Amino acid sequence: MERRDFLKVGALAGAGALVGRLDGASVSRQVNTKPIVVSTWNHGMKCNQGALQILQVGGTAVDAVELGVSIVEKDPTTTSVGYGGLPNAEGVVQLDAAIMDGLSMEVGSVAGLEKIKHPVQVARKVMTDSPHVLLVGDGARRFAVSHGFKEENLLTEGAKKQWLAWKSGKKMKVDTHDTIGALAIDRGGLMAAACTTSGLAWKIPGRVGDSPIVGAGLYCDGEVGGCVATGYGEEVLKICGSFLVVELMRQGRSPQEAVEAALDRMIKRDAANAGKLTAFLALRSDGAVGHASTSPGFQVAMSREGKHDLLESPSRVKKKG
Ligand code: ASP
């Protein structure tokens, strides 16, 4: 069965129908569901505004999360995502992104992508126009160019200045990480997830974090729900964070219980993680939301019924890391 056939089944199924999937699972499709978008950090507010507009006119969750995070990718004032992102140790901006469709569970991702402003859009192309899931480095760049993406300089003057200061050994406080991860449910009750990042500032060239790795930086199974992660990608990878959260929800934990259990596992593995801000944001297929971080400071943008709110997220430890 082709992916478009799943969608056809969904469209014909009507209100409250179950859509069958190749894996035997059934994704519930509710017509006229109230759309919802949630995303990470305060830059999520911009993401959600664009994404909710798409959903309100009947657009799909996949289109909504792609467009929403693209708004943040092109914003040079966000120094942790896309254009204007802080570079690696050699002054090169290397971007990671992924997108996952909760109906078909198709995924596309790119890692270590250079010179392309919208890695999430390239990830979508990997999902729809290639037989693969993940393209990296120069191959990802060439794939992007062959699909019409323009090569550009992504290192803004501001980011270059900060990199030069870091290189000269200057002590400075910078936002060294802050991925945008977004989850949405559309009017048809279908879900999707996306995340995109420039990764940790001053990373070793070639370093890839959790964001483009399915099951780590994001996971979305429309039968259950989805999750996105932000923070120390290496730690999220070690516990397959987003997959873990979704599987805990599958076993009956609420989204809040699931994200907290995943963070506690991370802290149990290494107590030092309590002091490093890492966070999960989960959305269950019925619209219930959970979010928490290891240490204080995480925020979640939540948009539903035309309202946009920025929420302070609870943390597992009270001391700021
Ligand atoms: N999780 C991302 C990474 O490790 C960083 C972030 O959240 O900003 O690449």
Side-chain angles (χ1 to χ4, degrees), residues 38-44 46-47 65 69 72-73 75 77-89 92-100 109-114 119-120 123 134 136-137 140 154 159 162 173-183 193-219 226-245 259 262-263 266 269-270 272-273 275-282 291-301 313 315 321:
V38 286
S39 62
T40 56
W41 304 105
N42 57 2
H43 50 217
K46 287 181 199 158
C47 160
V65 292
V69 302
V72 183
E73 283 180 338
D75 179 357
T77 65
T78 303
T79 57
S80 49
V81 178
Y83 175 59
L86 295 175
N88 66 20
V92 177
V93 180
Q94 288 187 321
L95 304 175
D96 303 331
I99 190 160
M100 184 161 188
S109 52
V110 289
L113 178 64
E114 296 177 14
V120 75
L134 170 61
V136 304
L154 302 183
Q162 293 200 59
K173 177 111 185 79
V174 291
D175 285 337
T176 53
H177 65 82
D178 276 358
T179 296
I180 174 94
L183 296 152
C195 67
T196 175
T197 188
S198 50
L200 299 184
W202 335 134
K203 62 194 173 186
I204 295 174
R207 176 265 185 191
V208 175
D210 58 321
S211 306
I213 307 298
V214 60
L218 85 175
Y219 197 67
C227 180
V228 288
T230 177
Y232 287 83
E234 282 73 6
E235 299 307 315
V236 176
L237 281 162
K238 288 171 199 168
I239 63 156
C240 297
S242 292
F243 181 73
L244 174 61
V245 169
V259 296
L263 291 167
M266 201 178 275
R269 195 199 69 75
D270 181 352
N273 282 331
K276 303 180 188 165
L277 205 166
T278 298
F280 293 111
L281 166 61
H291 52 93
S293 56
T294 45
S295 55
F298 180 51
Q299 293 174 313
V300 163
S313 198
S315 79

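Sequence positions, counted from 1, serve as the residue numbers for this chain. Keep in mind that this is a model prediction, so the values were computed, not measured. Order of appearance sets the numbers: ligands from 1, and atoms from 1 within every ligand.
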Q.
Tell me the contacting part of Ala229 for ligand 1: side chain, backbone, both, or neither, using a 4.0 Å heavy-atom threshold, strictly below.
A. neither
Q. Considering only heavy atoms, which of Lys203, Arg207, Glu235 lies nearest to atom 9 (O) of ligand 1?
A. Arg207
Q. Just by distance, do the side chain of Ser293 and the backbone of Ser295 share a donor-acceptor pair under 3.5 Å?
A. yes
Q. Against heavy atoms of Thr197, which atoms of ligand 1 measure under 4.0 Å?
A. 8 (O)
(Q) Keeping Thr294 on the side-chain end and Lys276 on the backbone end, is there a donor-acceptor pair under 3.5 Å? (A) yes
Q: Kindly identify the option in Gly199, Gly209, Gly231 whose heavy atom sits closest to atom 5 (C) of ligand 1.
A: Gly231
(Q) Below the 3.5 angstrom mark, is there an N/O of Asp96, backbone or side chain, next to an N/O of ligand 1? (A) no
Q: Return yes if some donor-acceptor pair links the side-chain N/O of Glu73 with the main-chain N/O of Val120 below 3.5 Å, else return no.
A: yes
(Q) Check whether Ser242 reaches the backbone of Ala216 with its side chain - one donor and one acceptor, N or O, closer than 3.5 Å. (A) yes
**Q.** Which of the ligand 1 atoms, numbered from 1, are nearer than 4.0 Å to a heavy atom of Ser211
**A.** 1 (N), 2 (C)
Q | Polar side-chain atom of Asp96 near backbone of Gly112 as donor-acceptor pair, under 3.5 Å | A | yes
Q | Mode of Thr230 contact toward ligand 1 - side chain, backbone, both, neither (heavy atoms, under 4.0 Å) | A | both
Q: Say whether Glu235 and Thr278, considering side chains only, have a donor N or O and an acceptor N or O under 3.5 Å apart.
A: no
Q: Consider every N or O of Thr179 and every N or O of ligand 1, then say whether any pair is closer than 3.5 Å.
A: yes
